[in-house]
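Everything on this sheet refers to the single structure shown next.
Keep in mind the model is a prediction, meaning the values are calculated, not measured. Residue numbers begin at 1 in each chain, while the letters A, B, ... track the order of the sequences.
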Amino acid sequence: MVRDVSFGQYFPGNSLIHRLDPRAKLLIFIAFIVIIFCTFNYAALGVTAAFTALFLILSRIPIKFYFKSLKVIIFIVLFTSVINLFYGVGDPIWQWWVFKITWDGIHRAVMVTIRIICLILSSSCLTFTTSPTELTDAIERLMSPLRAIRFPVHEIAMMMSLALRFVPTLMEETDKIMQAQKARGADMESGNVIKRARALVPVLVPLFVSAFRRAYEIATAMECRCYRGGSGRTRMKTIHMGRRDVLAFIAIALVIGGVIVCNIFLGKTV
Amino acid sequence: MSALLELKNLSFVYGQGTPFEKKAVSDVSLSVNKGEFIGIIGHTGSGKSTLVQMLNGLIKPTEGQVILEGEDIWKKPKEIRKVRFRVGMVFQYPEYQLFEETVRKDIAFGPSNKGLKGEELDKAVERAAAFTGLKSDLLDSSPFELSGGEKRRAAIAGVIAMDPEILILDEPTAGLDPMGREILLSQIVNYHKERGNTVLLVSHSMEDIARVADRIIVMNQSRLFAFDETKKIFARGDELGQIGLQVPQITRIMQRLRGMGYDVPDGVLTVDEAFSAVCSLLKKEGRIW
Ligand SMILES: Nc1ncnc2c1ncn2[C@@H]1O[C@H](COP(=O)(O)OP(=O)(O)OP(=O)(O)O)[C@@H](O)[C@H]1O
Ligand SMILES: [Mg+2]
(Lines give C-alpha, C1' and ligand atoms only; values in the text may rest on other atoms or scores of the structure.)
(Ligands and ions follow the chains in the order given, each with its own letter.)
Protein backbone atom coordinates (compact mmCIF):
# COMPACT_ATOMS: atom_id res chain seq x y z
CA MET A 1 0.00 0.00 0.00
CA VAL A 2 1.04 3.55 -0.68
CA ARG A 3 0.64 4.45 2.93
CA ASP A 4 3.40 2.17 4.10
CA VAL A 5 6.20 4.59 3.28
CA SER A 6 7.98 5.52 6.46
CA PHE A 7 10.25 8.15 4.96
CA GLY A 8 9.19 11.54 6.25
CA GLN A 9 6.60 10.21 8.63
CA TYR A 10 6.15 11.64 12.11
CA PHE A 11 6.26 9.21 15.03
CA PRO A 12 4.80 10.81 18.14
CA GLY A 13 6.97 10.28 21.21
CA ASN A 14 8.45 11.85 24.25
CA SER A 15 12.20 11.45 23.83
CA LEU A 16 14.79 14.15 24.42
CA ILE A 17 14.87 14.87 20.70
CA HIS A 18 11.09 15.03 20.47
CA ARG A 19 11.03 17.65 23.19
CA LEU A 20 13.63 19.95 21.69
CA ASP A 21 12.39 23.27 20.44
CA PRO A 22 11.66 22.78 16.73
CA ARG A 23 13.57 25.95 15.88
CA ALA A 24 16.64 24.62 17.66
CA LYS A 25 16.19 21.28 15.97
CA LEU A 26 15.96 22.86 12.55
CA LEU A 27 19.00 25.09 13.06
CA ILE A 28 21.02 22.19 14.42
CA PHE A 29 19.93 20.05 11.53
CA ILE A 30 21.01 22.64 8.98
CA ALA A 31 24.35 23.13 10.70
CA PHE A 32 24.82 19.40 10.86
CA ILE A 33 24.11 18.94 7.13
CA VAL A 34 26.65 21.63 6.30
CA ILE A 35 29.24 20.07 8.53
CA ILE A 36 28.65 16.60 7.06
CA PHE A 37 29.75 17.96 3.72
CA CYS A 38 32.75 19.79 5.17
CA THR A 39 34.50 16.68 6.38
CA PHE A 40 37.80 16.16 4.62
CA ASN A 41 39.14 13.07 6.30
CA TYR A 42 37.94 9.88 7.92
CA ALA A 43 38.40 11.16 11.47
CA ALA A 44 36.16 14.17 10.81
CA LEU A 45 33.62 11.95 9.09
CA GLY A 46 33.81 9.60 12.06
CA VAL A 47 32.85 12.44 14.39
CA THR A 48 29.74 13.24 12.37
CA ALA A 49 28.84 9.56 12.02
CA ALA A 50 29.15 9.12 15.78
CA PHE A 51 26.86 12.06 16.39
CA THR A 52 24.34 10.77 13.86
CA ALA A 53 24.30 7.52 15.81
CA LEU A 54 23.82 9.49 19.02
CA PHE A 55 20.81 11.29 17.54
CA LEU A 56 19.24 8.03 16.47
CA ILE A 57 19.68 6.50 19.90
CA LEU A 58 18.33 9.58 21.68
CA SER A 59 15.27 9.71 19.42
CA ARG A 60 14.11 6.35 20.81
CA ILE A 61 12.52 5.34 17.54
CA PRO A 62 12.94 1.68 16.61
CA ILE A 63 16.01 1.37 14.41
CA LYS A 64 14.08 -0.57 11.77
CA PHE A 65 12.27 2.59 10.67
CA TYR A 66 15.61 4.21 9.97
CA PHE A 67 16.57 1.20 7.89
CA LYS A 68 13.31 1.51 6.00
CA SER A 69 14.07 5.12 5.15
CA LEU A 70 17.52 4.06 3.94
CA LYS A 71 15.98 1.44 1.71
CA VAL A 72 14.23 4.16 -0.25
CA ILE A 73 17.48 5.82 -1.30
CA ILE A 74 19.70 2.79 -1.73
CA PHE A 75 19.87 3.36 -5.49
CA ILE A 76 21.00 6.94 -5.13
CA VAL A 77 23.73 5.79 -2.76
CA LEU A 78 24.90 3.08 -5.13
CA PHE A 79 24.78 5.37 -8.12
CA THR A 80 26.76 8.20 -6.58
CA SER A 81 29.33 5.91 -5.04
CA VAL A 82 29.93 4.14 -8.34
CA ILE A 83 30.29 7.45 -10.15
CA ASN A 84 32.74 8.65 -7.53
CA LEU A 85 34.63 5.39 -7.71
CA PHE A 86 35.58 6.08 -11.32
CA TYR A 87 36.27 9.77 -10.89
CA GLY A 88 39.38 9.53 -8.77
CA VAL A 89 42.68 11.03 -9.80
CA GLY A 90 46.14 9.50 -9.43
CA ASP A 91 47.66 6.16 -10.28
CA PRO A 92 45.12 3.58 -11.38
CA ILE A 93 45.09 0.30 -9.48
CA TRP A 94 42.71 -1.24 -12.01
CA GLN A 95 41.87 -0.11 -15.49
CA TRP A 96 39.61 -1.14 -18.33
CA TRP A 97 39.00 1.04 -21.38
CA VAL A 98 38.12 4.53 -20.04
CA PHE A 99 37.27 3.20 -16.60
CA LYS A 100 39.94 3.31 -13.99
CA ILE A 101 39.86 2.85 -10.28
CA THR A 102 42.30 4.69 -8.07
CA TRP A 103 42.80 4.81 -4.32
CA ASP A 104 41.51 8.34 -4.52
CA GLY A 105 38.32 7.10 -6.18
CA ILE A 106 37.79 4.44 -3.53
CA HIS A 107 38.18 6.99 -0.75
CA ARG A 108 35.76 9.32 -2.48
CA ALA A 109 33.20 6.56 -2.91
CA VAL A 110 33.42 5.49 0.73
CA MET A 111 33.19 9.04 2.02
CA VAL A 112 30.28 9.99 -0.20
CA THR A 113 28.38 6.86 0.83
CA ILE A 114 28.85 7.57 4.52
CA ARG A 115 27.89 11.19 4.02
CA ILE A 116 24.66 10.36 2.23
CA ILE A 117 23.76 7.78 4.83
CA CYS A 118 24.38 10.29 7.64
CA LEU A 119 22.34 12.86 5.74
CA ILE A 120 19.36 10.57 5.30
CA LEU A 121 19.50 9.24 8.84
CA SER A 122 19.66 12.69 10.39
CA SER A 123 16.88 14.08 8.22
CA SER A 124 14.76 11.03 9.03
CA CYS A 125 15.51 11.74 12.68
CA LEU A 126 14.23 15.28 12.20
CA THR A 127 11.00 14.29 10.46
CA PHE A 128 10.38 11.28 12.71
CA THR A 129 10.56 13.44 15.82
CA THR A 130 9.01 16.71 14.63
CA SER A 131 5.40 17.04 13.57
CA PRO A 132 4.77 18.95 10.34
CA THR A 133 3.02 21.70 12.29
CA GLU A 134 6.03 22.19 14.55
CA LEU A 135 8.29 22.22 11.55
CA THR A 136 6.41 24.89 9.62
CA ASP A 137 5.99 26.86 12.81
CA ALA A 138 9.74 26.77 13.28
CA ILE A 139 10.34 27.85 9.69
CA GLU A 140 7.91 30.71 10.02
CA ARG A 141 9.53 31.94 13.22
CA LEU A 142 13.05 31.59 11.89
CA MET A 143 12.21 33.47 8.70
CA SER A 144 10.20 36.19 10.39
CA PRO A 145 13.02 38.77 10.14
CA LEU A 146 12.51 38.60 6.37
CA ARG A 147 9.17 40.28 6.88
CA ALA A 148 11.14 43.52 7.06
CA ILE A 149 11.82 43.22 3.35
CA ARG A 150 8.14 42.40 2.65
CA PHE A 151 8.77 38.74 2.13
CA PRO A 152 5.42 36.92 2.69
CA VAL A 153 6.71 34.69 5.49
CA HIS A 154 3.37 33.84 7.00
CA GLU A 155 1.73 33.06 3.68
CA ILE A 156 4.54 30.75 2.68
CA ALA A 157 4.50 28.97 6.00
CA MET A 158 0.72 28.60 5.77
CA MET A 159 1.01 27.18 2.29
CA MET A 160 3.64 24.74 3.46
CA SER A 161 1.63 23.57 6.40
CA LEU A 162 -1.47 23.14 4.25
CA ALA A 163 0.53 21.16 1.72
CA LEU A 164 2.04 18.98 4.43
CA ARG A 165 -1.34 18.56 6.03
CA PHE A 166 -2.69 17.13 2.79
CA VAL A 167 0.09 14.66 2.08
CA PRO A 168 -1.40 11.89 4.21
CA THR A 169 -4.92 12.76 3.10
CA LEU A 170 -4.01 12.51 -0.54
CA MET A 171 -2.13 9.28 0.06
CA GLU A 172 -5.18 7.83 1.75
CA GLU A 173 -7.29 9.05 -1.13
CA THR A 174 -4.93 7.51 -3.70
CA ASP A 175 -5.16 4.27 -1.83
CA LYS A 176 -8.94 4.34 -1.78
CA ILE A 177 -9.25 5.20 -5.45
CA MET A 178 -6.76 2.51 -6.40
CA GLN A 179 -8.75 -0.02 -4.42
CA ALA A 180 -11.98 1.08 -6.09
CA GLN A 181 -10.49 0.80 -9.56
CA LYS A 182 -8.89 -2.53 -8.77
CA ALA A 183 -12.32 -3.71 -7.71
CA ARG A 184 -13.42 -2.90 -11.25
CA GLY A 185 -10.63 -5.05 -12.59
CA ALA A 186 -8.01 -2.36 -13.24
CA ASP A 187 -4.65 -4.00 -13.69
CA MET A 188 -1.90 -1.95 -12.11
CA GLU A 189 0.65 -4.58 -11.30
CA SER A 190 1.54 -6.07 -14.67
CA GLY A 191 2.49 -4.94 -18.15
CA ASN A 192 5.25 -2.73 -19.49
CA VAL A 193 5.97 0.87 -18.58
CA ILE A 194 3.51 2.39 -21.06
CA LYS A 195 0.73 0.07 -20.01
CA ARG A 196 1.35 0.88 -16.38
CA ALA A 197 1.39 4.60 -17.04
CA ARG A 198 -1.94 4.30 -18.83
CA ALA A 199 -3.32 2.32 -15.93
CA LEU A 200 -2.69 5.36 -13.74
CA VAL A 201 -5.27 7.49 -15.58
CA PRO A 202 -8.24 6.02 -13.69
CA VAL A 203 -6.42 6.88 -10.47
CA LEU A 204 -5.05 10.31 -11.33
CA VAL A 205 -8.24 11.82 -12.74
CA PRO A 206 -10.35 11.24 -9.61
CA LEU A 207 -7.37 12.21 -7.48
CA PHE A 208 -7.02 15.60 -9.16
CA VAL A 209 -10.75 16.17 -9.05
CA SER A 210 -10.82 15.54 -5.35
CA ALA A 211 -7.66 17.56 -4.71
CA PHE A 212 -9.24 20.59 -6.37
CA ARG A 213 -12.46 20.04 -4.50
CA ARG A 214 -10.56 19.86 -1.23
CA ALA A 215 -8.63 23.00 -2.05
CA TYR A 216 -11.87 24.91 -2.60
CA GLU A 217 -13.37 23.46 0.52
CA ILE A 218 -10.44 24.41 2.70
CA ALA A 219 -10.40 27.91 1.23
CA THR A 220 -14.08 28.32 2.03
CA ALA A 221 -13.61 26.90 5.50
CA MET A 222 -10.76 29.31 6.19
CA GLU A 223 -12.78 32.24 4.98
CA CYS A 224 -15.73 31.18 7.11
CA ARG A 225 -13.45 31.41 10.12
CA CYS A 226 -12.40 34.88 9.03
CA TYR A 227 -8.85 34.02 8.07
CA ARG A 228 -7.33 37.12 6.55
CA GLY A 229 -3.63 36.47 6.44
CA GLY A 230 -0.88 36.75 8.97
CA SER A 231 -1.04 40.23 10.45
CA GLY A 232 -2.22 40.36 14.02
CA ARG A 233 -2.65 36.64 14.49
CA THR A 234 -1.65 35.12 17.80
CA ARG A 235 -0.75 31.49 18.40
CA MET A 236 -2.39 28.79 20.37
CA LYS A 237 0.88 27.01 21.04
CA THR A 238 3.92 29.13 21.67
CA ILE A 239 7.34 27.55 21.57
CA HIS A 240 10.11 28.34 23.99
CA MET A 241 13.81 27.62 24.07
CA GLY A 242 14.85 25.85 27.22
CA ARG A 243 17.89 24.38 28.97
CA ARG A 244 17.92 21.29 26.80
CA ASP A 245 18.00 23.44 23.68
CA VAL A 246 21.08 25.23 24.99
CA LEU A 247 22.67 21.84 25.64
CA ALA A 248 21.83 20.78 22.10
CA PHE A 249 23.49 23.91 20.72
CA ILE A 250 26.58 23.18 22.81
CA ALA A 251 26.62 19.63 21.44
CA ILE A 252 26.45 20.78 17.84
CA ALA A 253 29.16 23.36 18.55
CA LEU A 254 31.34 20.52 19.81
CA VAL A 255 30.71 18.56 16.61
CA ILE A 256 31.61 21.55 14.49
CA GLY A 257 34.71 22.16 16.57
CA GLY A 258 35.67 18.50 16.38
CA VAL A 259 35.31 18.40 12.63
CA ILE A 260 37.33 21.56 12.17
CA VAL A 261 40.10 20.28 14.44
CA CYS A 262 40.21 16.97 12.56
CA ASN A 263 40.24 18.76 9.24
CA ILE A 264 43.11 21.02 10.25
CA PHE A 265 45.37 18.57 12.03
CA LEU A 266 44.84 15.34 10.12
CA GLY A 267 45.09 16.56 6.56
CA LYS A 268 42.94 15.81 3.56
CA THR A 269 42.04 12.32 2.44
CA VAL A 270 40.40 13.44 -0.76
CA MET B 1 -26.17 -26.78 0.29
CA SER B 2 -22.49 -26.18 -0.27
CA ALA B 3 -21.20 -22.79 0.71
CA LEU B 4 -20.40 -20.30 -2.02
CA LEU B 5 -18.16 -18.16 0.11
CA GLU B 6 -16.46 -19.31 3.26
CA LEU B 7 -14.35 -17.31 5.69
CA LYS B 8 -12.00 -19.16 7.98
CA ASN B 9 -10.48 -17.41 11.00
CA LEU B 10 -10.12 -14.22 9.03
CA SER B 11 -8.08 -11.42 10.64
CA PHE B 12 -6.73 -8.13 9.42
CA VAL B 13 -4.30 -5.73 11.04
CA TYR B 14 -3.71 -2.28 9.55
CA GLY B 15 -0.11 -1.06 9.53
CA GLN B 16 1.34 -4.28 10.85
CA GLY B 17 4.76 -3.75 12.38
CA THR B 18 4.41 0.02 12.86
CA PRO B 19 3.48 2.01 15.95
CA PHE B 20 0.10 2.58 14.30
CA GLU B 21 -0.91 -1.05 14.36
CA LYS B 22 -4.67 -1.46 14.44
CA LYS B 23 -6.60 -4.69 14.53
CA ALA B 24 -9.64 -4.13 12.34
CA VAL B 25 -10.97 -7.67 11.94
CA SER B 26 -10.19 -10.57 14.23
CA ASP B 27 -10.93 -14.21 13.80
CA VAL B 28 -14.09 -14.14 11.72
CA SER B 29 -15.43 -17.45 10.45
CA LEU B 30 -18.68 -17.84 8.56
CA SER B 31 -20.12 -19.11 5.32
CA VAL B 32 -22.56 -17.68 2.82
CA ASN B 33 -24.73 -19.69 0.44
CA LYS B 34 -25.54 -19.03 -3.18
CA GLY B 35 -28.42 -16.65 -3.76
CA GLU B 36 -28.60 -15.28 -0.24
CA PHE B 37 -29.12 -11.64 0.62
CA ILE B 38 -26.87 -10.92 3.57
CA GLY B 39 -26.96 -7.77 5.66
CA ILE B 40 -23.90 -6.57 7.56
CA ILE B 41 -24.39 -4.26 10.51
CA GLY B 42 -22.13 -2.95 13.24
CA HIS B 43 -21.12 0.16 15.07
CA THR B 44 -18.89 2.56 13.14
CA GLY B 45 -15.30 1.32 13.21
CA SER B 46 -16.36 -2.25 13.91
CA GLY B 47 -14.56 -3.54 10.84
CA LYS B 48 -17.34 -3.97 8.30
CA SER B 49 -15.59 -2.24 5.42
CA THR B 50 -12.33 -4.00 6.18
CA LEU B 51 -14.11 -7.34 6.26
CA VAL B 52 -15.79 -6.90 2.90
CA GLN B 53 -12.61 -5.64 1.24
CA MET B 54 -10.99 -8.95 2.03
CA LEU B 55 -13.73 -10.87 0.26
CA ASN B 56 -12.59 -9.88 -3.22
CA GLY B 57 -8.90 -9.75 -2.52
CA LEU B 58 -8.49 -6.00 -2.33
CA ILE B 59 -6.62 -6.45 0.88
CA LYS B 60 -4.91 -9.63 1.88
CA PRO B 61 -5.92 -11.07 5.23
CA THR B 62 -3.09 -11.06 7.74
CA GLU B 63 -4.44 -14.39 8.95
CA GLY B 64 -7.04 -16.86 7.77
CA GLN B 65 -8.57 -17.71 4.43
CA VAL B 66 -11.30 -16.55 2.08
CA ILE B 67 -12.65 -19.56 0.22
CA LEU B 68 -14.69 -19.00 -2.94
CA GLU B 69 -16.38 -22.15 -4.23
CA GLY B 70 -13.93 -24.39 -2.42
CA GLU B 71 -10.78 -22.54 -3.45
CA ASP B 72 -8.67 -20.15 -1.42
CA ILE B 73 -8.68 -16.88 -3.38
CA TRP B 74 -5.04 -16.21 -2.48
CA LYS B 75 -3.84 -19.61 -3.67
CA LYS B 76 -2.74 -18.06 -6.96
CA PRO B 77 -2.02 -14.39 -6.17
CA LYS B 78 -1.44 -13.74 -9.88
CA GLU B 79 -5.05 -14.52 -10.64
CA ILE B 80 -6.61 -12.36 -7.98
CA ARG B 81 -8.11 -10.15 -10.69
CA LYS B 82 -10.38 -12.99 -11.74
CA VAL B 83 -11.77 -13.08 -8.23
CA ARG B 84 -12.53 -9.37 -8.45
CA PHE B 85 -14.74 -9.94 -11.49
CA ARG B 86 -16.62 -12.66 -9.66
CA VAL B 87 -16.99 -10.69 -6.44
CA GLY B 88 -18.06 -7.14 -7.30
CA MET B 89 -17.49 -4.47 -4.72
CA VAL B 90 -19.16 -1.08 -4.43
CA PHE B 91 -17.27 1.09 -1.98
CA GLN B 92 -18.55 3.48 0.62
CA TYR B 93 -18.98 6.77 -1.32
CA PRO B 94 -18.20 5.17 -4.67
CA GLU B 95 -18.63 8.36 -6.69
CA TYR B 96 -14.96 9.31 -6.38
CA GLN B 97 -14.02 6.44 -8.68
CA LEU B 98 -15.58 8.09 -11.74
CA PHE B 99 -12.96 9.23 -14.22
CA GLU B 100 -14.01 8.83 -17.85
CA GLU B 101 -15.29 11.47 -20.25
CA THR B 102 -18.77 10.02 -20.39
CA VAL B 103 -20.85 8.01 -18.00
CA ARG B 104 -21.16 5.28 -20.60
CA LYS B 105 -17.40 4.86 -20.87
CA ASP B 106 -17.06 4.88 -17.13
CA ILE B 107 -19.60 2.13 -16.62
CA ALA B 108 -17.84 0.18 -19.38
CA PHE B 109 -14.49 0.31 -17.53
CA GLY B 110 -15.16 -2.77 -15.40
CA PRO B 111 -16.69 -5.03 -18.05
CA SER B 112 -14.08 -4.08 -20.66
CA ASN B 113 -11.35 -4.96 -18.16
CA LYS B 114 -13.14 -8.27 -17.90
CA GLY B 115 -12.83 -8.67 -21.67
CA LEU B 116 -16.26 -7.73 -22.98
CA LYS B 117 -16.31 -5.96 -26.36
CA GLY B 118 -18.60 -4.39 -28.92
CA GLU B 119 -22.27 -5.13 -28.69
CA GLU B 120 -21.93 -7.31 -25.64
CA LEU B 121 -20.25 -4.44 -23.81
CA ASP B 122 -22.93 -1.94 -24.84
CA LYS B 123 -25.64 -4.28 -23.66
CA ALA B 124 -23.96 -4.81 -20.30
CA VAL B 125 -23.67 -1.05 -19.84
CA GLU B 126 -27.27 -0.32 -20.78
CA ARG B 127 -28.58 -3.08 -18.60
CA ALA B 128 -26.55 -1.96 -15.59
CA ALA B 129 -27.70 1.62 -16.09
CA ALA B 130 -31.30 0.47 -16.26
CA PHE B 131 -30.91 -1.63 -13.10
CA THR B 132 -29.70 1.36 -11.13
CA GLY B 133 -32.34 3.63 -12.61
CA LEU B 134 -29.92 5.89 -14.42
CA LYS B 135 -31.73 7.76 -17.17
CA SER B 136 -30.38 6.80 -20.56
CA ASP B 137 -29.95 10.39 -21.75
CA LEU B 138 -27.41 10.84 -18.95
CA LEU B 139 -25.19 8.13 -20.35
CA ASP B 140 -23.46 10.47 -22.76
CA SER B 141 -22.83 13.32 -20.37
CA SER B 142 -19.72 13.75 -18.28
CA PRO B 143 -19.83 11.95 -14.92
CA PHE B 144 -18.70 15.17 -13.24
CA GLU B 145 -21.87 16.97 -14.35
CA LEU B 146 -24.18 14.56 -12.56
CA SER B 147 -25.86 15.23 -9.24
CA GLY B 148 -24.63 13.36 -6.15
CA GLY B 149 -27.33 10.72 -6.37
CA GLU B 150 -26.82 10.19 -10.10
CA LYS B 151 -23.08 9.85 -9.57
CA ARG B 152 -23.78 7.21 -6.97
CA ARG B 153 -25.97 5.32 -9.42
CA ALA B 154 -23.37 5.57 -12.16
CA ALA B 155 -20.70 4.22 -9.84
CA ILE B 156 -22.87 1.33 -8.72
CA ALA B 157 -23.77 0.59 -12.34
CA GLY B 158 -20.04 0.41 -13.08
CA VAL B 159 -19.77 -2.56 -10.75
CA ILE B 160 -23.07 -4.21 -11.64
CA ALA B 161 -22.05 -4.09 -15.31
CA MET B 162 -19.36 -6.69 -14.55
CA ASP B 163 -22.22 -9.01 -13.63
CA PRO B 164 -20.54 -10.41 -10.51
CA GLU B 165 -21.76 -13.60 -8.87
CA ILE B 166 -21.42 -11.93 -5.50
CA LEU B 167 -22.24 -8.25 -5.19
CA ILE B 168 -20.97 -6.38 -2.15
CA LEU B 169 -22.36 -2.94 -1.40
CA ASP B 170 -20.77 -0.87 1.34
CA GLU B 171 -23.40 1.61 2.54
CA PRO B 172 -24.74 2.34 -0.95
CA THR B 173 -27.46 4.64 0.32
CA ALA B 174 -25.38 6.76 2.71
CA GLY B 175 -25.92 10.45 2.09
CA LEU B 176 -28.91 10.11 -0.23
CA ASP B 177 -32.33 11.64 0.34
CA PRO B 178 -35.04 9.34 1.80
CA MET B 179 -36.73 8.90 -1.56
CA GLY B 180 -33.42 8.15 -3.28
CA ARG B 181 -32.51 5.59 -0.60
CA GLU B 182 -35.84 3.89 -0.98
CA ILE B 183 -35.59 3.66 -4.76
CA LEU B 184 -31.96 2.55 -4.81
CA LEU B 185 -32.65 -0.11 -2.24
CA SER B 186 -35.61 -1.56 -4.13
CA GLN B 187 -33.53 -1.52 -7.30
CA ILE B 188 -30.88 -3.56 -5.54
CA VAL B 189 -33.55 -5.98 -4.33
CA ASN B 190 -35.00 -6.28 -7.84
CA TYR B 191 -31.56 -6.86 -9.26
CA HIS B 192 -31.00 -9.60 -6.71
CA LYS B 193 -34.32 -11.23 -7.51
CA GLU B 194 -33.83 -11.09 -11.25
CA ARG B 195 -30.22 -12.19 -11.39
CA GLY B 196 -30.46 -14.62 -8.50
CA ASN B 197 -26.97 -13.68 -7.36
CA THR B 198 -25.62 -13.30 -3.86
CA VAL B 199 -25.68 -9.84 -2.29
CA LEU B 200 -23.87 -8.56 0.79
CA LEU B 201 -25.14 -5.20 1.95
CA VAL B 202 -23.40 -3.12 4.61
CA SER B 203 -25.76 -0.56 6.11
CA HIS B 204 -26.36 1.56 9.16
CA SER B 205 -30.07 1.58 8.54
CA MET B 206 -31.68 -1.23 10.51
CA GLU B 207 -34.95 -0.57 8.71
CA ASP B 208 -33.33 -1.18 5.32
CA ILE B 209 -31.55 -4.29 6.48
CA ALA B 210 -34.69 -5.67 8.14
CA ARG B 211 -36.60 -5.24 4.95
CA VAL B 212 -34.22 -6.92 2.56
CA ALA B 213 -31.81 -9.31 4.30
CA ASP B 214 -32.27 -13.05 4.71
CA ARG B 215 -29.48 -13.29 7.23
CA ILE B 216 -27.46 -10.72 9.13
CA ILE B 217 -23.80 -10.49 10.08
CA VAL B 218 -23.33 -8.39 13.21
CA MET B 219 -19.82 -7.04 13.78
CA ASN B 220 -18.69 -5.65 17.11
CA GLN B 221 -15.22 -4.30 17.87
CA SER B 222 -13.58 -6.22 15.02
CA ARG B 223 -15.22 -9.52 16.02
CA LEU B 224 -18.16 -11.43 14.64
CA PHE B 225 -20.86 -10.83 17.21
CA ALA B 226 -23.61 -12.86 15.58
CA PHE B 227 -24.62 -14.34 12.25
CA ASP B 228 -28.20 -15.52 12.00
CA GLU B 229 -31.56 -15.10 10.33
CA THR B 230 -32.91 -11.57 10.34
CA LYS B 231 -35.82 -12.29 12.67
CA LYS B 232 -33.62 -14.07 15.17
CA ILE B 233 -31.07 -11.27 15.19
CA PHE B 234 -33.65 -8.57 15.79
CA ALA B 235 -35.30 -10.64 18.50
CA ARG B 236 -32.09 -10.00 20.48
CA GLY B 237 -32.81 -6.31 20.90
CA ASP B 238 -31.18 -5.99 24.33
CA GLU B 239 -27.88 -7.47 23.23
CA LEU B 240 -27.84 -5.27 20.15
CA GLY B 241 -28.50 -2.28 22.36
CA GLN B 242 -25.45 -3.12 24.45
CA ILE B 243 -23.17 -2.94 21.41
CA GLY B 244 -24.62 0.36 20.27
CA LEU B 245 -27.07 -0.94 17.69
CA GLN B 246 -30.80 -0.83 17.60
CA VAL B 247 -33.56 -2.96 16.23
CA PRO B 248 -35.82 -1.27 13.67
CA GLN B 249 -38.26 1.19 15.23
CA ILE B 250 -41.28 -0.79 14.21
CA THR B 251 -39.83 -3.94 15.80
CA ARG B 252 -39.30 -1.99 19.00
CA ILE B 253 -42.87 -0.70 18.97
CA MET B 254 -44.26 -4.18 18.51
CA GLN B 255 -42.03 -5.55 21.26
CA ARG B 256 -43.30 -2.80 23.54
CA LEU B 257 -46.90 -3.71 22.66
CA ARG B 258 -46.18 -7.31 23.50
CA GLY B 259 -44.69 -6.17 26.76
CA MET B 260 -47.93 -4.36 27.51
CA GLY B 261 -49.82 -7.59 27.10
CA TYR B 262 -51.15 -7.33 23.57
CA ASP B 263 -51.01 -10.51 21.57
CA VAL B 264 -48.97 -9.40 18.55
CA PRO B 265 -46.39 -11.71 16.92
CA ASP B 266 -42.72 -11.51 17.85
CA GLY B 267 -40.06 -10.41 15.40
CA VAL B 268 -42.10 -8.04 13.23
CA LEU B 269 -39.69 -6.31 10.86
CA THR B 270 -41.60 -4.03 8.54
CA VAL B 271 -44.38 -1.50 8.86
CA ASP B 272 -46.58 -3.53 6.52
CA GLU B 273 -46.23 -6.62 8.67
CA ALA B 274 -46.96 -4.59 11.77
CA PHE B 275 -50.00 -3.04 10.13
CA SER B 276 -51.57 -6.38 9.29
CA ALA B 277 -50.70 -7.77 12.74
CA VAL B 278 -52.37 -4.85 14.49
CA CYS B 279 -55.38 -5.04 12.16
CA SER B 280 -55.94 -8.72 12.83
CA LEU B 281 -55.52 -8.10 16.56
CA LEU B 282 -58.14 -5.39 16.43
CA LYS B 283 -60.50 -7.60 14.53
CA LYS B 284 -60.04 -10.40 17.03
CA GLU B 285 -60.61 -8.19 20.02
CA GLY B 286 -63.42 -6.35 18.26
CA ARG B 287 -62.26 -2.90 19.16
CA ILE B 288 -62.06 -0.05 16.73
CA TRP B 289 -61.15 3.41 17.89
N1 LIG C 1 -6.57 2.39 6.04
C2 LIG C 1 -6.59 2.25 7.35
N3 LIG C 1 -5.48 2.37 8.09
C4 LIG C 1 -5.49 2.20 9.42
N5 LIG C 1 -6.59 1.90 10.12
C6 LIG C 1 -7.75 1.77 9.46
C7 LIG C 1 -7.81 1.94 8.04
N8 LIG C 1 -9.09 1.75 7.66
C9 LIG C 1 -9.78 1.48 8.77
N10 LIG C 1 -8.99 1.49 9.86
C11 LIG C 1 -9.40 1.20 11.24
O12 LIG C 1 -9.94 -0.10 11.28
C13 LIG C 1 -11.12 -0.13 12.04
C14 LIG C 1 -12.26 -0.71 11.23
O15 LIG C 1 -12.54 0.16 10.15
P16 LIG C 1 -13.66 -0.10 9.09
O17 LIG C 1 -13.52 0.94 8.05
O18 LIG C 1 -13.60 -1.51 8.65
O19 LIG C 1 -14.97 0.17 9.95
P20 LIG C 1 -16.49 0.16 9.51
O21 LIG C 1 -17.15 -0.86 10.32
O22 LIG C 1 -16.59 0.06 8.04
O23 LIG C 1 -16.98 1.61 9.98
P24 LIG C 1 -18.04 2.59 9.29
O25 LIG C 1 -19.36 2.10 9.64
O26 LIG C 1 -17.74 3.90 9.92
O27 LIG C 1 -17.77 2.58 7.82
C28 LIG C 1 -11.37 1.29 12.49
O29 LIG C 1 -11.03 1.37 13.85
C30 LIG C 1 -10.47 2.15 11.66
O31 LIG C 1 -9.95 3.19 12.45
MG1 LIG D 1 -17.22 1.32 6.49
More than 12 heavy atoms of other groups within 6.0 Å of [X] [atom1]:
X      : atom1 : result
A:F208 : CZ    : no
B:E21  : CD    : yes
B:Q221 : CD    : no
A:F67  : CZ    : no
A:I194 : CD1   : no
B:E101 : CD    : no
A:F79  : CZ    : no

Item to complete: Considering only heavy atoms and a distance below 4.5 Å, find which of A:V209, A:I61, A:D187 pairs most often with chain B.
Response: A:D187
Practice prompt. Indicate the atoms forming the closest heavy-atom contact of A:A183 with B:F91, along with that distance.
Written response: CB-CE1, 4.1 Å
Practice prompt. Apply the side-chain contact (heavy atoms from CB on, under 4.5 Å) test between A:K182 and each candidate in B:N113, B:I80, B:L58; give the one that qualifies.
Written response: B:L58
Worksheet item: Based on non-hydrogen pairs under 4.5 Å, which of B:Q97, B:K82, B:M89, B:Q92 is most in contact with chain A?
Response: B:Q97
Item to complete: Please flag which part of A:P12 lies under 4.5 Å from any non-hydrogen atom of chain B: side chain, backbone, both or neither.
Response: side chain
Discussion item. Quick check on B:Q53 against chain A: is it the side chain, the backbone, both or neither that has a heavy atom closer than 4.5 Å?
Written reply: side chain
Worksheet item: Side chain, backbone, both or neither: which part of B:F85 has a non-hydrogen atom closer than 4.5 Å to chain A?
Response: side chain
Fill in: Any side-chain heavy-atom pair of B:F99 and A:P202 under 4.5 Å
yes
Worksheet entry | Gap separating the NZ atom of A:K176 from the OH atom of B:Y93, nearest 0.5 angstrom | 9.0 Å
Discussion item. Check this for me, if you would: do A:R184 and B:D106 make a salt bridge, where the nitrogen-to-carboxylate-oxygen distance has to be below 4.0 angstrom?
Written reply: yes
Worksheet item: Can any side-chain N or O of B:R81 pair as donor or acceptor with the backbone N or O of A:G185 at less than 3.5 Å?
Response: yes
